[in-house]
Amino acid sequence: MSDSPARHLNLAGASNFRDLGGYTARDGRAVRWRQIFRSNHLGHLTEADIEVLRGLGVRRAFDFRGTEERAAAICGVEEIAVHSLPVEPTVVAALRARLATGVPLSTTDALEVMRDSYRNYVRQNTPAFRALFTHLVGDHAPLVIHCTAGKDRTGFACALILHALDVPDDLISEDYLLTNRFYRRDPSASSNDLPEEVKQVLASVEASFLAAAFEAIGADYGTLENYFSEGLRLGAAERAELKARYLES
């Protein structure tokens with residue numbers, strides 16, 4: 001609809017700041033606008049950007065960055081309480097380890113390492129995503145979910161949220177892939193020693209990345225519903241609470 005709020009907010013210091021609202025769930029209700037935002041990190045916001053966030057009423061940030069990432073770019077908005085849910089990055093280290101063997105890196109290597117990192121969100125980092133859902137069920141204020149680029153750890157988290165709200169798969173994929181339109185690669189990124197074609201893979205998303213995480217869910221939990229209940233501890237009551245809070249009535 002033309003009178004819907006803007007999904008992407010064009011901030012000077014955060015290129016991938018987007019609203020998760022507006023997607024229509026299977027029961028016909030839409031995800032509420034201006035409640036859940038997703039973004040790359042908030043460490044480079046300008047004063048004008050901060051005023052935009054104040055206007056949105058954002059009060060909490062859920063930060064999936066690892067220890068060194070957080071220290072390198074701290075959120076400077078005093079009204080925003082930051083909840084650290086660390087998922088340590090592994091991709092660049094894994095690629096450097098391959099490079100150290102003397103074999104040139106290819107885009108195939110990069111794609112493989114990216115997919116493996118998504119599998120590990122399920123196999124090694126489910127407690128961090130469980131903690132996010134605990135907050136989502138209990139929170140009321142507009143909030144933002146982010147990591148460094150706002151595309152992988154954040155992308156998986158937001159896909160889970162939309163699944164929990166019963167948004168169809170095609171819309172979840174559409175939201176996930178919007179990163180390729182809006183994310184601007186940080187020129188000071190830690191991957192600058194890697195080949196350019198590899199860096200391009202790391203700065204984008206593709207459907208096979210997210211699919212790898214959901215394949216791991218299927219392999220380890222049987223179904224997504226089992227992952228919600230057993231992995232994320234999101235039972236029927238919590239799902240109903242999420243829908244009451246984040247779907248239009």
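Note that the structure is a prediction, hence the values are computed from the model and not measured. As a basis for the values below, the full set of heavy atoms in this structure was taken, side chains included, without hydrogen atoms, waters or symmetry mates.
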Checking Arg70 side chain against Ser84 main chain: does a donor-acceptor pair fall under 3.5 Å?
no

Suppose we screen for ring pair (Phe, Tyr, Trp, His ring centres under 6.0 Å). Which residues come up paired with His146, at least two apart in sequence or across chains?
none

Quick one: list whatever passes ring pair (Phe, Tyr, Trp, His ring centres under 6.0 Å) with Phe228, sequence neighbours left out.
none

Begin with the C-alpha distance, continue with both residues' side-chain angles, and end with the deciding distance and a verdict on side-chain contact (heavy atoms from CB on, under 4.5 Å) for Leu160 and Leu132.
CA-CA 11 Å; Leu160 289 175; Leu132 172 67; over 6 Å; no

Decide whether Arg185 and Ser15 meet the rule of one side-chain donor and one side-chain acceptor closer than 3.5 Å.
no

Measure across Ala219 and Arg123 and return the closest heavy-atom pair with its distance rounded to 0.1 Å.
CB-NH2, 3.7 Å

Compare every heavy atom of Thr24 with every heavy atom of Pro168, then report the nearest pair and how far apart it is.
CD-O, 3.2 Å

Rounded to the nearest 0.5 Å, how far apart are CG of Leu247 and CG of Asp27?
6.0 Å

When clusters are formed by joining ILVMFWY residues with side-chain heavy atoms under 4.5 Å apart, either directly or through shared neighbours, do Ile36 and Leu42 land in the same one?
no

Contact between Leu178 and Asp175 at the side-chain level, heavy atoms closer than 4.5 Å - yes or no?
yes

So does Leu11 get a backbone contact from the side chain of Asp49, meaning a donor-acceptor N/O pair under 3.5 Å?
no

Tell me, with the steps shown, if Leu224 and His163 meet side-chain contact (heavy atoms from CB on, under 4.5 Å).
CA-CA 9 Å; Leu224 181 56; His163 272 296; 3.7 Å; yes

Transitive ILVMFWY side-chain link Leu177 to Leu20, under 4.5 Å:
yes

Under the 3.5 angstrom rule, does the side chain of Thr154 hit a backbone N or O of Lys151 as a donor-acceptor pair?
no

Between Cys158 and Arg38, the two heavy atoms sitting closest are SG-CB, 3.7 Å

Applied to residues 234-243, the side-chain hydrogen bond (donor to acceptor under 3.5 Å, both in side chains) test, sequence neighbours excluded, yields Asp166-Lys243, Glu225-Arg239, Glu241-Arg245

With side-chain contact (heavy atoms from CB on, under 4.5 Å) as the test, would you mind laying out the steps for Val167 and Glu174 before giving the verdict?
CA-CA 11 Å; Val167 172; Glu174 179 184 306; over 6 Å; no

Atom pair CG (Asn226) and CD1 (Ile217), whose distance is rounded to the nearest 0.5 Å
10.5 Å

With a 6.0 Å cut-off (strictly less than), is the heavy-atom count around CD of Glu196, excluding the residue itself, greater than 12?
yes

Is a donor on one side and an acceptor on the other found under 3.5 Å between the side chain of Asn180 and the backbone of Val205?
yes

Tyr183 meets the ring pair (Phe, Tyr, Trp, His ring centres under 6.0 Å) criterion, sequence neighbours left out, with none

Listing request: all salt bridge (charged side-chain N to carboxylate O under 4.0 Å, His left out) pairs with a residue in residues 101-111, at least two apart in sequence or in separate chains.
Arg98-Asp109

Please step through side-chain contact (heavy atoms from CB on, under 4.5 Å) for the pair Leu162 and Leu171, ending with a clear verdict.
CA-CA 9 Å; Leu162 294 175; Leu171 295 178; over 6 Å; no

Any non-hydrogen side-chain atom of Cys75 less than 4.5 Å from a side-chain atom of Val82?
yes

Whether the side chain of Arg153 engages the backbone of Val87 through a donor-acceptor N/O pair (distance < 3.5 Å, no angle test) should be reported.
yes

Measure the NE2-CG distance between His41 and Asp63 for me, rounded to the nearest 0.5 Å.
10.0 Å

Give the cluster check for Tyr23 versus Leu242: same hydrophobic cluster or not, with ILVMFWY residues linked at side-chain heavy-atom distances below 4.5 Å.
yes

With a 4.5 Å cut-off on side-chain heavy atoms, are Val144 and Leu56 touching?
no

Which heavy atom of Phe133 sits nearest a heavy atom of Ala164, and at what distance?
CE2-CB, 4.1 Å

The criterion is salt bridge (charged side-chain N to carboxylate O under 4.0 Å, His left out); which residues satisfy it with Arg7, sequence neighbours excluded?
none

Just by distance, do the side chain of Ser173 and the backbone of Asp169 share a donor-acceptor pair under 3.5 Å?
no

Grab the two heavy atoms, one from Pro86 and one from Gly66, that are nearest each other, plus how far apart they are.
CB-CA, 4.5 Å

For Asp139, what residues pass the side chain to side chain donor-acceptor pair (under 3.5 Å) criterion, not counting sequence neighbours?
Arg60

With sequence neighbours left out, what residues match Thr126 under side chain to side chain donor-acceptor pair (under 3.5 Å)?
Tyr227

Taking Thr134 for its side chain and Arg130 for its backbone only, find out whether a donor-acceptor pair lies under 3.5 Å.
yes

Student check: side-chain heavy atoms of Leu136 and Leu143 closer than 4.5 Å
yes

Take a 6.0 Å sphere around CZ of Arg184 and say whether it holds more than 12 heavy atoms from other residues, nucleotides or ligands.
yes

Could you tell me the separation between the CG atom of Asn16 and the NE2 atom of His8, rounded to the nearest 0.5 Å?
6.5 Å

Has Arg59 got a side-chain atom pairing as donor or acceptor with Ile80's backbone, closer than 3.5 angstrom?
no

Mind checking whether Val201 and Tyr176 sit in one hydrophobic cluster, side chains of I, L, V, M, F, W, Y counted as touching below 4.5 Å?
yes

When every non-hydrogen atom of Thr148 is compared with those of Glu69, the smallest separation belongs to OG1-OE2, 2.6 Å

For Tyr118, check ring pair (Phe, Tyr, Trp, His ring centres under 6.0 Å) against everything at least two apart and list the hits.
Tyr121, Phe209

Pairs satisfying ring-ring contact (aromatic ring centres under 6.0 Å, His included), at least one member in residues 64-102, at least two apart
Phe62-His83, Phe64-Phe129, His83-His135

Cluster link Phe156 to Val31, ILVMFWY, side chain under 4.5 Å
yes

Verdict with supporting geometry, Asp193 and Lys199, salt bridge (Lys or Arg N to Asp or Glu O under 4.0 Å)
CA-CA 9 Å; Asp193 56 326; Lys199 288 191 288 187; over 6 Å; no

Below 4.5 Å, heavy atoms only, C-beta onward: do Tyr221 and Val122 meet side chain to side chain?
yes

Is there side-chain contact between Leu105 and Glu197, with at least one heavy-atom pair below 4.5 Å?
no

Enclosure of Arg26 CZ (heavy-atom neighbours >12, cutoff 6.0 Å)
yes

With a 4.5 Å heavy-atom cut-off, do Ile161 and Ile145 have their side chains touching?
yes

Results of salt bridge (charged side-chain N to carboxylate O under 4.0 Å, His left out) for Asp170 - residues two or more places apart only
none

Give every residue pair that meets the salt bridge (charged side-chain N to carboxylate O under 4.0 Å, His left out) criterion with at least one member in residues 76-89, sequence neighbours excluded.
Arg54-Glu79

Answer yes or no: is there a side-chain heavy-atom contact under 4.5 Å between Leu95 and Leu202?
yes

